[in-house]
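Below is one structure, written out as structure tokens; the observations come after it.
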2 protein chains.
Amino acid sequence: MTASAPGQSRRPTLSDVARRAGVSPMSVSRAMRGESGVSAATRAKVLEVVEELGYRLNDSARSLKLGRGSDLVGVVVTHFANPFYSRLALGVEAVIEKRGMRVILGNTEEDPERERELVQNLLERRVDGIVVVPSSYDHSHMKEQAMRGTPVVLAGRPPVALDADCVLVDDFGGAREVTRRLLEEGHRRVAFIGTPPAAYTGAERHRGYCVALDEQSVPVTSDYVDRSGTDTVTAEAAATRMLRLSTPPTAIFAANNRLALGVLRAIGPRDHIGFAAFDDLEYASLLNRDITFVSFDAEQMGRSAGELLLQRLDERSAGGRHMQAERPVSRVVVQVNVVSQHARSRV
Amino acid sequence: MTASAPGQSRRPTLSDVARRAGVSPMSVSRAMRGESGVSAATRAKVLEVVEELGYRLNDSARSLKLGRGSDLVGVVVTHFANPFYSRLALGVEAVIEKRGMRVILGNTEEDPERERELVQNLLERRVDGIVVVPSSYDHSHMKEQAMRGTPVVLAGRPPVALDADCVLVDDFGGAREVTRRLLEEGHRRVAFIGTPPAAYTGAERHRGYCVALDEQSVPVTSDYVDRSGTDTVTAEAAATRMLRLSTPPTAIFAANNRLALGVLRAIGPRDHIGFAAFDDLEYASLLNRDITFVSFDAEQMGRSAGELLLQRLDERSAGGRHMQAERPVSRVVVQVNVVSQHARSRV
DNA sequence: GGAAGTGACGTTAGCGCTACCTATACCTAT
DNA sequence: ATAGGTATAGGTAGCGCTAACGTCACTTCC
């Protein structure tokens, strides 16, 4: 009620607790960590004072002393608002949380320079590992020399000139499969609305589309391919343009969930136009039309990434004991896609 | 090419760099932080060695020495996969990132015990502040005594028996407004599909619904109210049940985006049934029906939360200089809702 | 020519913890 | 009784940094 201004008072240290409890700092340290070598009475007294003072361990001091990492895992994605990336982060969190570790976040907004800074910053913060969705093909800032033993796992895109584990979606296979379905339904003029070739996933999905057409000896027509899409609006515009051609496509494949929304807007009520998408569309069942889509479990990808990271950490800590291959082979986990179809409900 | 096994070698310290560059540790420290008191030649030499050794500052040691926090802000939400929460985190990140701070993440899965542990853990990690979406009404673990001056901002739900800043959505006003719109369209049998009363937002939205009915002297019928909804599936079941009543509702209000999806599935092609929802539905324009919904900017909420946090931190660091009110007033930022309507396109 | 700067460094100390060691007290077993 | 446990405690040192101060060479001005 009187003296102590709560905001001002210095945070109590372990020694403060010790003084107040009338024991040595070591006893407090032991009591707090539940170690043996403290009598029940001392332990109780210590915990009482801890409670009273609102004392909390100083993690910086602890990890400095122990020379360990920070028990943090960095997750660097391109844009967090996209559910794919937030689910990925969730999956990573679910796995590492069991080891008492936490996730620290970074958004690159597709800017390679920001990505480089972020990785650097995370390393300074002594993260134990990093999961990165690379925003470009330049992965040089994640080379062994720069990382100094901090493991990296790439997600969604494979490493370029880099020895790192990664978790991938079968972009090519998924795109090929859904395109093939459209062709099986009898479509011959199938359009592709995708992202710029510079994006790995976009390039792979485009390749899957091309191969599927090729396999059915359907020529790829440039009029039916748009690879400039970045968001819903541009996709809608591109699809609208195609549908106005004198010989419009009879089906459209949208290469991700953002583009899919735009394309569906462009198609509107013309439900005779075939439609397929890469990514899950949870609202598919509300639309009274046939939809084929490739879905994959982003959370599972995150879990795989987290597990690869933990494996590397375990290997490293065991490394002192038994000799191992001097250049560990990088592991690749490929997500299995699920191709689903929602058929129109004939009302 | 030879000796140094990259994974094994101890991380270089500042002293290692100093030794190698033939200067004192202080000069390295100064050079790295761009401080004055180092000649251009020395600085260049130091940076060269830093590059060569792949040296990185040890942040634990630094923040221990400086006695500052960790430059981390904890963001504790109930479920990260929900776009509302990931956007919230994105907003927080956007604001604090400008101060060189990072976001550290936590998921409670609506479990109050996990929330308590998480907050505790974040405090041990010496976060500079925390943004919490509380999962219950018990906020005692965030009291001044426990926080020891670490500011908290609550998001989405107001503090209970707690002096803390918060950012809120106008749950009551938004729900009242959309319900009113349904009534204005002539509906008299308006159903409510919501979450259990224990959830603050659910309770507020229900209250808004009731008040809107009351204002038009429409009685609240228990047959038309379901507050057991937790996800899409239960909402679909509840809505289906209501629509099978001998006197079914003519309109349904779904209290969040998950429930909305379920309700829309239940309604199916019956587009004469009025529909409103709390939360943005990006796919609204694809459905050939009238929809009224309340939307709010989760990212903006996150930014507001981040700003409140930074203000508190600034006040605290300035606190030494000029005297201030001994009990700072807690601030509340209420998001303005936008009520939008999507009208059916008459094809 | 000596007092008083000025810039470039080095030295010291200590942030808050905990691994490792030493020091008591109090038991056994010989 | 004395050596050898076993539990409980305290002492010491040092993790990797950097604020604060000390040192030294080299100006600059009266």
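Letters go in sequence order (proteins before strands), and every chain restarts at 1. Treat the numbers as computed from the prediction; the structure is a model and nothing was measured.
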In whole Å, I'd like the distance from the [atom1] atom of [X] to the [atom2] atom of [N].
{"X": "Met32(B)", "N": "dG16(D)", "atom1": "CE", "atom2": "P", "value": "15 Å"}
{"X": "Arg11(B)", "N": "dC15(D)", "atom1": "CZ", "atom2": "C1'", "value": "15 Å"}
{"X": "Arg30(A)", "N": "dG10(D)", "atom1": "CZ", "atom2": "P", "value": "8 Å"}
{"X": "Arg125(B)", "N": "dC17(C)", "atom1": "CZ", "atom2": "P", "value": "16 Å"}

Counterpart residues, side chain to side chain donor-acceptor pair (under 3.5 Å), relative to Glu35(B) (two or more places apart):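 Partners of Glu35(B) under the side chain to side chain donor-acceptor pair (under 3.5 Å) test: Arg33(B).
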Sugar-phosphate, base or nothing in reach of Arg33(B), heavy atoms under 4.0 Å: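 Sugar-phosphate only.
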Closest-nucleotide ordering on DNA chain C, the 5'-leading residue of Ala61(B) and Leu57(A):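 Result of the comparison: Ala61(B).
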First of Gly67(B) and Met26(B) reached from the 5' end of DNA chain C, by closest nucleotide: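 Going by which nucleotide is closer to the 5' end, it is Met26(B).
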Whichever of Lys65(A) and Tyr55(B) has its nearest DNA chain D nucleotide further upstream toward 5': Lys65(A)
Any residue of residues 35-43 of chain B with a heavy atom less than 4.0 Å from an atom of DNA chain C: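 The stretch gives Gly37(B), Val38(B), Ser39(B), Thr42(B) as the residues lying under 4.0 Å from the strand, ordered by number.
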Proximity to the side chain of Leu64(A) - top-ranked nucleotide from dA9(D), dT11(C), dG16(D):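 Taking heavy atoms from C-beta onward, the closest nucleotide is dG16(D).
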Distance below 4.0 Å between Arg62(A) side-chain N/O and dT18(C) OP1 or OP2: yes
Heavy-atom closest pair, residues Ser135(A) and Thr78(A):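 Residues Ser135(A) and Thr78(A), closest heavy atoms: CB-CG2, 4.0 Å.
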Close side-chain approach of Asn58(A) and Thr13(A), heavy atoms under 4.5 Å: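 SC-SC contact between Asn58(A) and Thr13(A) ruled out.
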Separation of Leu105(A) CG from Tyr85(A) OH (nearest 0.5 Å): 13.0 Å
Verdict with supporting geometry, Arg62(A) and Asp59(A), salt bridge (charged side-chain N to carboxylate O under 4.0 Å, His left out): CA-CA 5 Å; Arg62(A) 181 163 216 268; Asp59(A) 204 64; 5.5 Å; no
Residues Ser60(B) and Ser63(A): side-chain donor-acceptor under 3.5 angstrom: yes
Partner of Ser29(A) under side-chain contact (heavy atoms from CB on, under 4.5 Å), chosen from Val17(A), Leu14(A), Leu57(A):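 Among the candidates, only Leu14(A) passes.
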Worked verdict on Ser140(A) versus Asp138(A) for side-chain hydrogen bond (donor to acceptor under 3.5 Å, both in side chains): CA-CA 6 Å; Ser140(A) 58; Asp138(A) 179 9; 2.7 Å; yes
dG16(D) base / Arg126(A) side chain donor-acceptor hit below 3.5 Å: no
Range-with-range stems for DNA chain C, at least three Watson-Crick or G-U pairs under 3.5 Å: C:1-26 with D:5-30, C:28-30 with D:1-3
